[in-house]
Amino acid sequence: MPVTHRPHLRGRERKQDRTSLSVRVQPRAGRQAHPGATTDSFQSGHTALQQSFGELEQRAEHIRVFETVLVPGLVQTHSYALAVFRGLSALRGTTRDPDQAAAARMQRQTILYEPSAQVDILVSEAALRTPPPGVDPDGDWFETMAGQIDRLLALVGGPAVGFRVLPLGMPLPTAPLHGFTILDDLVVAELLHTSIRTSDGNDYAFYDDLFRQLWDAAAADDAARSILLDVSAGYQQARR
C-alpha cells in the first residue's frame, strides 16, 4: 500500500492555533531558539501533553509516524501504553500519572477511524522485539507484547491505516537516530528530555524526505505480516 504524500503546505493556509498548544521556552544564554520551533515540558506529567497532541491530530489530514524503539502511540494497546508511561515517568522524574496518560493515549486513537484522516505508521522491527522499559522483567511482560503484536496484525492490509515495518538486518537509506511524527506540515520529535515541534519549511522538507526514504525501504502487506508473525511466535513461546 503506497503512502500518499501531500506537497509541502507552505502555499496553503495553515490550520489555526496548531503550535499554540506547545509550551514556549526561552533559549539558554548564548543559544538562539529556532524561529519555527517550540518545546514541551514533561514536568507536570504526560496526560496534558497527550490531550494536546490528540487535538493536533484531530485537526490533521495526513498523519505520518515513525518510531525506532517503541510501538507508535496511535496503535499501542492500553497495557503497552501503561508500561511506556511508567518507564518514562521514572526516567524523567515527572508527576507519576501513567494511568491517566495511558487513557488519554487510548482516546487519541479515535483518529484512526476518522474517514477524513490518512494515517501511515512506520515502525522498526527492533521496537517489536523490545519490551517497553515500564514492564516488570519478572512478570508477564510477554503477555503485553503478545497482545501488542496481535493489535498490529489486525492493521496489516486494512483500509484504515497504512502500516509498514523496517526489518532488521537490511541496509537502510539513512540512520534514523530518533522517531518523529508529521502532522500535515508540522513535525514533532519526542526526545528523552523534551518534545520538539516545528513548522519551519526546511525542517518539514527534511523529515518529509526522510519518511519517504524509510517508508520505501520498509516491509509492507505480506512481508510485514510475516515479520509480525515471527515476532509473535517468540512471545507465544515465552507464554508457555
Side-chain angles (χ1 to χ4, degrees), residues 18-57 60 63-76 80-98 100-102 104-105 108 120-135 166 172-211 213-215:
R18 171 167 294 158
T19 58
S20 65
L21 294 170
S22 306
V23 179
R24 292 192 175 273
V25 298
Q26 296 298 320
R28 295 179 184 175
R31 179 179 296 179
Q32 188 171 11
H34 194 297
T38 60
T39 62
D40 294 314
S41 171
F42 299 117
Q43 292 308 308
S44 61
H46 295 89
T47 304
L49 287 175
Q50 288 300 300
Q51 294 168 339
S52 69
F53 201 72
E55 293 178 24
L56 296 177
E57 290 167 332
I63 300 170
R64 290 177 282 171
V65 186
F66 168 63
E67 288 292 351
T68 57
V69 294
L70 291 173
V71 171
L74 279 179
V75 290
Q76 290 177 3
Y80 187 100
L82 192 58
V84 168
F85 286 118
R86 285 173 178 162
L88 290 177
S89 294
L91 173 67
R92 293 165 174 163
T94 60
T95 300
R96 295 183 176 273
D97 59 346
Q100 298 91 330
R105 177 159 284 181
R108 282 175 48 202
D120 294 307
I121 301 292
L122 177 60
V123 63
S124 72
E125 184 179 345
L128 307 178
R129 297 186 179 276
T130 307
V135 298
L166 271 180
L172 293 179
T174 187
L177 300 182
H178 56 79
F180 57 91
T181 298
I182 306 175
L183 305 169
D184 293 335
D185 59 345
L186 175 70
V187 178
V188 183
E190 183 172 340
L191 308 179
L192 288 176
H193 71 298
T194 191
S195 176
I196 300 172
R197 306 180 187 185
T198 174
S199 55
D200 176 79
N202 291 328
D203 292 342
Y204 168 83
F206 178 88
Y207 283 99
D208 173 64
D209 181 63
L210 177 58
F211 190 92
Q213 292 185 55
L214 296 173
W215 185 265

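Residue numbers run from 1 in the order of the sequence given.
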To the nearest 0.5 angstrom, please state how far the [atom1] atom of [X] sits from the [atom2] atom of [Y].
X      : Y      : atom1 : atom2 : value
Glu125 : Thr68  : CD    : OG1   : 14.0 Å
Phe53  : Leu74  : CZ    : CG    : 7.5 Å
Gln100 : Arg105 : CD    : CZ    : 14.0 Å
Arg64  : Asp184 : CZ    : CG    : 9.0 Å
Leu122 : Thr181 : CG    : OG1   : 11.0 Å
Leu191 : Ile196 : CG    : CD1   : 4.5 Å

Q) Within the side chain of Asp97, is there an N or O that forms a donor-acceptor pair under 3.5 Å with the backbone of Thr47? A) yes

Q. Any sub-3.5 Å donor-acceptor pair from Gln76's side-chain atoms to Val71's backbone N or O?
A. yes

Closest approach of [X] and [Y], non-hydrogen atoms and distance?
X      : Y      : result
Ser52  : Arg197 : OG-NH2, 3.5 Å
Arg108 : Gly54  : CG-CA, 3.6 Å
Ile63  : Ala60  : CG1-CB, 3.9 Å
Val69  : Ala127 : C-CB, 3.5 Å
Ala101 : Gln50  : O-CG, 3.9 Å
Asp203 : Val187 : O-CG2, 4.3 Å

(Q) Within the 4.5 Å heavy-atom criterion, are Asp208 and Asp185 side-chain neighbours or not? (A) no

(Q) Does any part of the side chain of Pro176, heavy atoms only, come nearer than 4.5 Å to the side chain of Leu214, both counted from C-beta? (A) yes

Q.
What verdict does the side chain to side chain contact (heavy atoms under 4.5 Å, CB included) test give for Thr198 and Tyr207, after you've listed the backbone C-alpha separation in whole Å, the side-chain angles of each residue and the deciding distance to 0.1 Å?
A. CA-CA 11 Å; Thr198 174; Tyr207 283 99; 5.7 Å; no

(Q) Tell me whether the rings of Phe211 and Trp215 are parallel (<30°), tilted (30 to 60°) or perpendicular (>60°). (A) parallel

Q: Please lay out, stage by stage, how Phe66 and Leu166 fare under the test side chain to side chain contact (heavy atoms under 4.5 Å, CB included).
A: CA-CA 10 Å; Phe66 168 63; Leu166 271 180; 3.7 Å; yes

